[in-house]
Every structure is written in C-alpha cells, then in structure tokens.
Amino acid sequence: MTTTNPVRVRFAPSPTGHLHIGGVRTALFNYLFARHHKGVFILRIEDTDTSRSTDESIHGILEGLKWLGLNWDEGPFRQTDRLAIYRTHIDQLLAQGQAYHCYCSPDELDARRAEAMAKKQTPKYDGRCRDRKTPIPGRTPAVRLKAPQTGQTVVKDLIRGDVVFENSQLDDLILLRSDGNPTYNLCVVVDDAEMKISHVIRGDDHLNNTPRQLQMYEAFGYPPPQFAHVSMILGPDKARLSKRHGATSTLVYREMGYLPEALLNYLARLGWSSGDQEIFSLHEMVEKFSLDHVNSSAAIFNPDKLLWLNSHYIKTGDTTRLALLLRDHYLAEREPAARSIPDDQMIRIVKALQERAKTLAEMADLSMCYVEEEINPEPAAAAKYLTPAIKPALANLTKQLSALPRFDEPALPAAFEAIIAAHQLKMAQLAQPVRVALTGRTVSPGIYEVLALLGKERSLARLKKALDSIGG
RNA sequence: GGUCCCAUCGUCUAGCCCGGCCUAGGACGCCACCCUCUCAAGGUGGAGACACGGGUUCGAAUCCCGUUGGGACCA
C-alpha cells in the first residue's frame, strides 16, 4: 500500500438492533487494518433513523465490542449530534447549484417506480424537479443531488478492483428527506470526509451506493477515501444471515459460553485467510492481516467450525481465567452459592473438564455435580449400573477407600485394582457404577480424577448413598 | 425489472492477479481404525470440489466470452 496519509478507518453501525455477527466481522476487519497500519480506529453510531434507533442498541454495540476487545481510538460519535454539520453541507450544495429541491412525495415516487418496474424499465428518478424554478405551494421539498448524467463513475475497490457505473444509470440521490432528516448517503460522506477517513471498509451491500457517494465527494470538493467492500455473511440457505438462522447477536454467543478469541478467530477466517493457518491470536491477525487476502465471494456461517474453535480455545486456555469466568458468570447464574467456591477448586474443575466441554455453558452443566453437595443419579444410569450384582464389590471398594490415608490421584488406582482382582471384574464393570454413584451420569472425567476432585468425604457419602439405594 | 457483485470438497478456504510444480493442498463436519475405566481429547486412514458451454494456448482451476445459479442495492 502506497498510502502516505495516516490510516484512519471507522466502524459505523446503525443502532437498530443487537450487534450482529456480520457487523462484528466488519468491525474486526477495520480494527485489524487500523492496528496493522498503526492507524486510528473510529467508532461512529449512525443513528439518524430516529424511528428505529434505540439507546439500548447503542449500549449493546459498545458492550459487544468491549467484550471482544475491539477497542476504538475515537468516538463513539453519534450522527444525531452532528445534524447541524449535515445541514451546512446541504446548504453549500444548494448554494453552489449542485443540489435542488424536489417536490415529489414518497408516494408518488413509489408509484412511479412500481410503474417503471412493471414496464421493465430502470426505476430511476425522472428528474422532473431538476430544473424547477418555483416551489410547489403547500409541499415541503426534499433535496436532491444534481448528479452528472453522462460519463462513468469508477469505484476503485481494494477487494473487487474497478467497478464501473454509467452515470446515466444513476439517479439524483436524495440528500435531505422532506421530513427534514438527512439521508444515510449524505451523512456517511460528510462524516467520512470530515473525520478524514482514509479507507472505508464496509459491507458489500454498500457497493451500489458508492458511485453516488463518489459524486458527492466530487460536489463537495473532498478527496475520496479508498474503498474496500467485504462480502456478506450468509445463512445455510444462502440468504443473508438473519435472526431466523439462529443466534446472530454477539452477546448471545457470550451467554452460550463462547470465548471472544474463538469468535474473532472464526470471523477473521470467514473471508480472510493467510495460507493454511486456522488458529490466530488477535496479535497474529493484526500482524498478518491484509486486504489482499480478503475473499470477494460471500461466505456461509458455519456454527460447527466456530464451536470447534471455541473448544480449541477452552482446551488451551489459561485455567485460572477460565475458572473465574466459569464460576462468576456461568455457574453463579445457575447456583448463586457457587460464588464461594475457592479458586483452586475451580481450577481443578476446569482442568478436569476443559477437554470435554466445547463451551463454558456446557462446562457449567458438567461441573454442577462437583459444585453441589448432593446429587441424584439419573434413573436410567442408576438402573443400569447400580445393581445388586455389583453391590458387594462396590461395598468392598467403599471400605477400602475409606481406609486410605491419602485420597489423591496416585493413591487411588491400587484400591481399584485390588477390588477388580478380588471380584473377577473388568475395570469398566467397576468404574461405571462408581462413576454413576459419584457424578450421577455415565460420562465424566477419569474416575480417579473425579474421586480426587470430590474429596474423600463427599466421595464416600455418595458411594454409601448409592449402596443404600440398591437395597438388599 | 434495472444496475452491480459473486461462483474450488456439504461448509470455510489455499492455488487464480504473474497459465505448466494441481493425479487440486489444509481446516470444520462425516466415516473407519488405534488409544481407553465412560465420554472427550489425541493419533492414523478414508469418502468428498475446480457450476456448465465455448474459445485462446503445446498446455487452463488459473486468461477471454456466454449460459446457469446465488446475492446486494434502488429516500
């Protein structure tokens, strides 16, 4: 890249809903580009659509970005704080004769567009107010850009190459609605120019707006930024990712027990690559990120791969950090008393479970039997394994275990070996009943690990309770 | 409907710009086997793609054209 100007990029979400997965990827690419080039990452809230924008959404966006660690350097700016600036710019164009009042109502325009489409013509504004000299009484006009009608406008896109638009196909864009609100396109151009944005990295859905925006830069006399349009994220049905495809809200992924680094890693690899590498720390992404390797085709969101990445980060994550997250967020929500579990016990639980749980929410489920004082075995598991046939061996084992001076992992196998030898059992025939007695389930970490985790007292209590339940 | 974008295993992708090293590589998922006290994890192996049709060329996944399919935008 031969840019001599400092790199300044922005993420500019509309606060009309939660922070969407697709939005996060756009934010991430901007963030990575900024950090890679030692530039500035700006957050701007595009809230001019006051009927749909909410403060709740803004909070959600900020919280989501913070959770992911996508820290911004300037902002958040809000477009509703900048209305006067847009007004000034519109007035400037009006004064220069590069914009004009249009008295057509939205209804009329809709009707004409429908008619054009029915007649298979380009549904383009017909320019009937373009040279109007006098106002129409009783009507509040909108303001339109007087765009060039001949020639071409070329978007030099960093991802897609040159995209050529015939000016004759582009109509005169509305800058100010008749209700007094500036339009998206106007605000974006004014803000990007005023904020000295060097690279606009945004969704593919804005590619068609870009030539019109370029015309506005021209009209204002601003140098345009460089553009990079990233393709959309699609659902499994290849339609644009939306709520009906399941979770699309970033914060919901946090609730489901995903780690920020997993989500970031997944989203980075969706559309961007660096050879065959799959696992990237945020630091590595910053180091290696380049728009050159951003794919131009749309990508389908694949929850399985995200889940795999999450399990990878759980397996390899720092156990102390995971332990505190697990206890204070996911466990505390289920069982408030969990807050008082000592750190070192939490760390042991994490170590036992981190190769088995793909999310922290799942880990919370799996850890409940080590958190609660007493458990009730699943009926099916108890029926299958806590049988009269195994009772003698189980009773014998309990006796042996209770006699153990030490109750740590190295001390336990000898007791098991003695019992299976004495009762002519296979290890599985003894371990499974013990597992059910201790955890209530047929699935758990290694049996010695479980015993050590529960400690002597709770282990023996659960074994005795199981023994009693068998009867006879 | 117009305009614009896109097209390699089911999915994410490498390769494409600068044709031959591609009998197309990796990852997720799937299947099998190994390991094993259960479940995972881990290990080994397997099935699986250049949308189609023309061209250019000694040679095309790679360049060109068309078709088909998908997507986006049009206060």
Side-chain angles (χ1 to χ4, degrees), chain A residues 49 102 104-106 109-110 113-125 142-144 155 157 159-161 163-166 168-179 181-186 203-212 229 231-234 236-240 266-279 292-293 295-309 311-312 315 352-358 366 381 385 413 416 420 425-436 439 441-450:
Chain A
D49 184 349
C102 172
C104 304
S105 72
L109 262 11
D110 282 348
R113 185 166 65 225
E115 191 185 330
M117 278 165 67
K119 285 199 281 188
K120 300 178 188 263
Q121 292 168 341
T122 307
K124 188 187 158 204
Y125 177 62
V143 175
R144 281 186 189 270
V155 178
D157 194 276
I159 292 173
R160 278 150 217 280
V163 183
V164 180
F165 294 84
E166 295 294 331
S168 59
Q169 297 292 332
L170 270 19
D171 49 7
D172 289 348
L173 206 62
I174 303 262
L175 306 178
L176 186 73
R177 294 186 183 85
S178 53
D179 65 6
N181 284 317
T183 57
Y184 164 77
N185 282 300
L186 184 272
D204 185 334
D205 44 343
H206 293 297
L207 183 55
N208 279 310
N209 286 326
T210 310
R212 305 158 208 269
H229 288 94
S231 57
M232 307 268 82
I233 299 179
L234 274 26
D237 58 355
K238 297 196 174 189
R240 192 176 173 163
Y266 177 72
L267 258 13
R269 280 288 288 105
L270 200 59
W272 171 75
S273 62
S274 180
D276 283 340
Q277 191 172 344
E278 296 287 351
I279 307 289
D292 296 343
H293 286 91
N295 223 61
S296 48
S297 54
I300 294 172
F301 186 77
N302 180 356
D304 280 340
K305 188 152 186 182
L306 171 58
L307 190 61
W308 172 74
L309 276 164
S311 70
H312 168 83
K315 268 182 292 191
L353 263 19
Q354 71 185 148
E355 289 197 341
R356 295 176 168 77
K358 292 180 190 295
L366 295 175
Y385 291 106
F416 277 72
I420 60 173
L425 296 170
K426 293 218 158 71
M427 185 58 184
Q429 293 175 293
L430 181 63
Q432 280 303 79
V434 173
R435 173 166 286 116
V436 173
T439 68
R441 307 186 199 198
T442 56
V443 167
S444 84
I447 200 66
Y448 307 127
E449 199 173 3
V450 170

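Each chain gets a letter, A, B and so on, in the order its sequence line appears, and its residues count up from 1.
The side chain of A/E355 sits closest to B/rA40 out of B/rA40, B/rG26, B/rC6. Side-chain atoms of A/I300 lie closest to B/rC12 of the nucleotides B/rC37, B/rC5, B/rC12. Closest approach to the A/A299 side chain among B/rC12, B/rA40, B/rG29 is made by B/rC12 (side chain taken as heavy atoms from C-beta onward). For A/H293, whose side chain is taken as the heavy atoms from C-beta onward, the closest listed nucleotide among B/rC5, B/rA75, B/rG15 is B/rG15. You'll find that the side chain of A/L207 is closest to B/rC4, out of B/rC37, B/rC4, B/rA72. Closest to the A/Q169 side chain, of the nucleotides B/rG26, B/rG29, B/rU3, is B/rU3. Of the candidates B/rA41, B/rC4, B/rC12, the closest approach to any side-chain atom of A/K358 belongs to B/rA41. Minimum atom distance to the side chain of A/Q432 is reached by B/rU38, of the listed B/rA41, B/rC5, B/rU38.
Summarising the geometry, the separation between CG on A/L270 and C1' on B/rC28 is reported as 12 Å, rounded to the nearest angstrom. Separating the CD1 atom of A/I279 from the P atom of B/rC12 is a distance of 18 Å, rounded to the nearest angstrom. Following rounding to the nearest Å, A/R356 (CZ) and B/rA40 (P) show an atom-to-atom distance of 10 Å. Atom CE in A/M232 sits about 13 Å away from atom P in B/rG71, given to the nearest Å. The distance from atom CZ of A/F301 to atom C1' of B/rG29 is 15 Å, rounded to the nearest whole Å. Computed from coordinates, the A/D204 CG to B/rA72 P distance equals 9 Å when rounded to whole Å. The CD-P distance, from A/E449 to B/rU38, rounds to 15 Å in whole Å. Rounded to a whole Å, the CZ atom of A/R269 is 9 Å from the C1' atom of B/rG26.
Within 4.0 Å of A/G446, counting heavy atoms only, lies at least one base atom of the nucleic acid. Residue contacts shown for A/S273 are limited to sugar-phosphate atoms, with no base heavy atom under 4.0 Å away. Using a 4.0 Å heavy-atom distance criterion, A/P445 is classed as a base contact. Here A/N295 lies in heavy-atom contact (under 4.0 Å) with sugar-phosphate atoms only. Residue A/I447 is classed as a base contact, given a heavy-atom separation below 4.0 Å to a base. Counting non-hydrogen atoms under 4.0 angstrom, A/R240 reaches the backbone sugars and phosphates but no base. Here A/Y448 lies in heavy-atom contact (under 4.0 Å) with a base. Among the protein residues, A/S296 comes within range of the sugar-phosphate backbone only, with heavy atoms under 4.0 Å from sugar or phosphate atoms but none that close to a base. At a threshold of 4.0 angstrom between heavy atoms, the contacts of A/V164 are confined to the sugar-phosphate backbone, with no base atom among them. Using a 4.0 Å heavy-atom criterion, one finds that A/N302 contacts the bases of the nucleic acid, with or without backbone contacts as well.
The backbone N or O of A/G446 lies less than 3.5 Å from no partner atom in the side chain of A/R435, so there is not a single donor-acceptor pair. Looking only at distances, no side-chain donor or acceptor of A/T183 sits under 3.5 Å from a matching main-chain atom of A/L176. The backbone N or O of A/K426 sits less than 3.5 Å from a side-chain atom of A/Q429, completing a donor-acceptor pair. Looking at A/S311, its side chain never comes within 3.5 Å of a backbone N or O of A/K358 through a donor-acceptor pair.
A/H312 has its ring centre no less than 6.0 Å from the ring centre of A/Y266.
For the P atoms, the distance from B/rG43 to B/rA49 is 25 Å, rounded to whole Å. One P atom belongs to B/rG26, the other to B/rA47, and the distance between them is 12 Å to the nearest Å. The separation of B/rU13 from B/rC50, taken at their C1' atoms, amounts to 13 Å, rounded to a whole angstrom. Comparing B/rU3 with B/rG66, their P atoms are spaced 13 Å from each other, to the whole Å. Taking atom C1' on both B/rC9 and B/rG48, the two are 5 Å apart, rounded to the nearest angstrom.
Residues A/T210 and A/H229 form a side-chain contact, since some pair of their non-hydrogen atoms from C-beta on lies under 4.5 Å apart. Side-chain contact check for A/S231 versus A/R160: some heavy-atom pair is nearer than 4.5 Å. A 4.5 Å side-chain heavy-atom check between A/N295 and A/L270 finds every atom pair outside the cut-off.
Across the strands present, B/rG20 finds its partner in B/rC58; the criterion is a Watson-Crick or G-U wobble pair with both atom distances under 3.5 angstrom. Across the strands present, B/rU67 finds its partner in B/rA51; the criterion is a Watson-Crick or G-U wobble pair with both atom distances under 3.5 angstrom. Figure legend. B/rU36 is base-paired to no nucleotide; pairs are counted as Watson-Crick or G-U wobble with both atom distances under 3.5 Å. B/rC28 and B/rG10 make up a base pair, with Watson-Crick or G-U wobble contacts both under 3.5 Å. B/rC74: Watson-Crick or G-U partner is B/rG1, with both key distances under 3.5 Å.
For A/E278 against B/rG26, a side-chain N or O and a base N or O form a donor-acceptor pair under 3.5 Å. Below the 3.5 angstrom threshold, one finds no donor paired with an acceptor across the side chain of A/R441 and the base of B/rC39. Below the 3.5 angstrom threshold, one finds no donor paired with an acceptor across the side chain of A/R160 and the base of B/rC5.
The residue among A/R212 and A/G275 whose nearest nucleotide of RNA chain B is located toward the 5' end is A/G275. Each of A/N208 and A/S444 was matched to the nucleotide of RNA chain B holding its nearest heavy atom; the match closer to the 5' end belongs to A/S444.
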Scoring nucleotides 47-53 of chain B by protein non-hydrogen atoms under 4.0 Å (B base, S sugar-phosphate only, - none) yields -------

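Residue A/K315 places at least one side-chain N or O under 4.0 Å from the OP1 or OP2 atom of B/rG42. Using a 4.0 Å cut-off, no side-chain N or O of A/K238 falls inside it from OP1 or OP2 of B/rG69.
Electrostatic pairing of A/D171 and A/R144 does not count as a salt bridge here, judged by no charged N lying under 4.0 Å from a carboxylate O.
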